[in-house]
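Below is one structure, written out as structure tokens, with a few remarks after it.
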Amino acid sequence: MNNLILSNLKVLLRSTPEEWFAATDGTAMLVTGTDAEHDSEWLARHYGPAFQAIHAFPNYTLNDAVLKHLDSIVAKGNFRRIIAMSEADVMRAAILRERHGIPGLTWHQALHMRDKYLMKQPLKKLGIPVPQARKVRNALDVTDFIAEVGYPIVLKPVCGAGSTHTYVIKTEQELDDILGGGYFSGFIVDKMPVLLVEEFIDGQQYRVDGFYADGKCQYITVARLIGTNLEFLGGRHFANSLLDASSKLSEKIVAFARNVLENALPFGREGMFHMEVWQRPDGEIVFGEVGARLGGISIFEENRFGFEVDYKMAAVRALCGLGTPGWPSPADLQKRFAGHVVISPQAGFLEYIPEDCPFEWVLDYKCKPAGQRYSLMRGSNDEIAMIMVTGSSEEEVEKRLQEAAQWFYETAVWSE
């Protein structure tokens, strides 16, 4: 039996054809996207040897025809598993599994990993802390919620991705500005009228990433988030720093995340996950949200530097039925402290961008080319540069992340 991998182009390209082949042993067919630089012919030349076949589509994330073509592919194949690598593929994979009798998350189960309101309901029943939240359809629903919980609030799509259309609203004037721009009306036109308003959690944000296979948690790590996705979307930077895996805080957050996945949500026996949580000033951990997919930006690369394992490819291999890694605990695996900062593009022409980063503590540096025009990101997945750093402690890593970001701002040259 074969395996079907669904992946956007960015996730695909961040691993080599050789790495994909080693993870799948030639058992997988790939469905992915194309762009101006990577068309179907390019994919066939470079990634063709890694897969049994490649089906590529333009505008992959928003292309509804992908599911139609996938249904035909799955109906003709004999697939053991359908592996969803990116957010756009979670529901596609679930629909196809249920339609064709393939093991894994069903549509209703997967919806708990996409619907940001629905996923919190089973947690509330178990007493797991979650922010107060309500589905809203109009401006009055929002003002009624504010009357109960006060400012600030968070307004966002129920099943959003990449922090698009998400706002932290601190005052009535800010609310009026957003409503005046037709926030609800725009979604109604797009046939997405149900939105979510949440209590704003004051505290430090963390992310938890890893995967399950054979009914067990095979890998799980925690990182501190420095800055926010919304600042990142607004033209600034966003940093992540791995925690000491043996620390009490890391152990506390890991236990919280595992309780959510194993006891509250219908996550199942296998799959990748990316979770975000908050720690209030009093130490309480509060659930944010979770996705049944690989974490974005450079999370798996950061883990590769910090723990010297590639959990992305290990997860693919395990989900393809080719064996689990049998790794020790993250505390025993961790080799160094590491973190990364991603920097968003400005709205303008990029005159110059440094090709190398001068600091000896930089582990990796990637950037897009100069000599072309860029715009602000619409989602948190199209950074202009990424800098990976190491240090002797969490504190040193975080200091260096800020230093690296400042160096980039002072060195890159933008014009109108």
Side-chain angles (χ1 to χ4, degrees), residues 87 111-181 183-184 186-187 192-208 222-234 238 249 252-253 255-257 259-261 263-265 273-291 379-380:
E87 195 80 87
L111 192 60
H112 279 80
M113 312 298 287
R114 285 288 290 125
D115 186 313
K116 301 176 195 301
Y117 179 82
L118 179 64
M119 70 176 60
K120 294 177 174 65
Q121 303 317 301
L123 278 69
K124 289 171 63 176
K125 291 180 180 179
L126 293 181
I128 298 172
V130 300
Q132 296 183 66
R134 181 180 300 170
K135 287 186 176 182
V136 291
R137 295 178 180 271
N138 56 60
L140 297 184
D141 288 344
V142 178
T143 56
D144 287 347
F145 182 81
I146 293 170
E148 294 180 16
V149 307
Y151 290 101
I153 60 162
V154 181
L155 187 61
K156 58 187 177 183
V158 168
C159 294
S163 298
T164 54
H165 305 296
T166 298
Y167 296 92
V168 175
I169 303 170
K170 300 178 181 178
T171 66
E172 186 172 1
Q173 184 60 57
E174 290 182 5
L175 176 61
D176 286 345
D177 290 343
I178 290 168
L179 295 176
Y183 187 76
F184 283 92
F187 279 107
M192 268 181 54
V194 181
L195 300 165
L196 183 68
V197 62
E198 282 188 344
E199 163 198 12
F200 177 81
I201 302 298
D202 179 27
Q204 174 62 56
Q205 192 174 16
Y206 297 87
R207 54 151 237 260
V208 194
V222 184
R224 181 179 290 105
L225 304 185
I226 306 162
T228 68
N229 276 315
L230 296 183
E231 291 171 342
F232 186 37
L233 282 176
F238 182 44
L249 178 57
K252 180 179 181 179
I253 295 174
F256 179 95
N259 184 37
V260 169
L261 292 169
N263 299 314
L265 290 174
F273 65 88
H274 169 73
M275 185 183 298
E276 295 177 3
V277 303
W278 296 86
Q279 185 183 39
R280 295 186 191 270
D282 64 3
E284 181 184 51
I285 306 299
V286 180
F287 176 80
E289 58 187 62
V290 64
S380 56

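- A side-chain contact (heavy atoms from CB on, under 4.5 Å) with Ile169 is found for one member of Ile146, Asp176, Leu175 and no other, namely Leu175.
- Distance CE/Met119 to NZ/Lys124: 14.0 Å, rounded to 0.5 Å.
- The pair Lys120-Glu199 fails the salt-bridge criterion, with no side-chain N (NZ, NE, NH1 or NH2) lying under 4.0 Å from an Asp/Glu carboxylate O.
- Under the 4.5 Å side-chain criterion, counting only non-hydrogen atoms from C-beta, His112 is not in contact with Gln121.
- To the nearest 0.5 Å, atom CZ of residue Phe145 and atom NZ of residue Lys135 are 14.5 Å apart.
- What you find for Leu123 and Val260 is that their closest heavy atoms are CD2-CG2, 3.9 Å.
- Here Leu225 contributes atom CG and Trp278 contributes atom CH2; the two are 8.0 Å apart, rounded to the nearest 0.5 Å.
- The closest donor-acceptor contact from the side chain of Asp141 to the backbone of Arg137 lies under 3.5 Å.
- Remark: Lys116 does not engage Glu198 in a salt bridge, criterion side-chain N to carboxylate O under 4.0 Å.
- For the residue pair Glu87 and Met113, the shortest heavy atom distance occurs at OE2-O, 4.5 Å.
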Apply the test side chain to side chain contact (heavy atoms under 4.5 Å, CB included) to residues Val142 and Leu179: give CA-CA distance (whole Å), side-chain angles for both, the deciding distance (0.1 Å), then the verdict.
CA-CA 10 Å; Val142 178; Leu179 295 176; 5.5 Å; no
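- Between the CG atom of Leu195 and the CZ atom of Arg134 there is a distance of 14.0 Å, given to the nearest 0.5 Å.
- For CD of Glu172, the number of neighbouring non-hydrogen atoms (other residues, nucleotides, ligands) closer than 6.0 Å is 12 at most.
- Remark: Arg280 engages Glu284 in a salt bridge, criterion side-chain N to carboxylate O under 4.0 Å.
- Within the 4.5 Å cutoff, no side-chain heavy atoms of Val149 are placed close to those of Phe200.
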Show your working on side chain to side chain contact (heavy atoms under 4.5 Å, CB included) between Val222 and Met275 and close with a plain yes or no.
CA-CA 9 Å; Val222 184; Met275 185 183 298; over 6 Å; no
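- Residues Phe256 and Phe287 approach most closely at CZ-N, 3.6 Å, considering heavy atoms.
- Between Asp202 and Pro281, the shortest heavy-atom contact is O-CD, 3.2 Å.
- Here Leu196 contributes atom CG and Lys156 contributes atom NZ; the two are 6.0 Å apart, rounded to the nearest 0.5 Å.
- With rounding to the nearest 0.5 Å, the separation of CD1 in Ile285 from CG in Leu249 is 6.0 Å.
- The neighbour count for Lys252 NZ, taken as heavy atoms of other residues, nucleotides or ligands under 6.0 Å away, is above 12.
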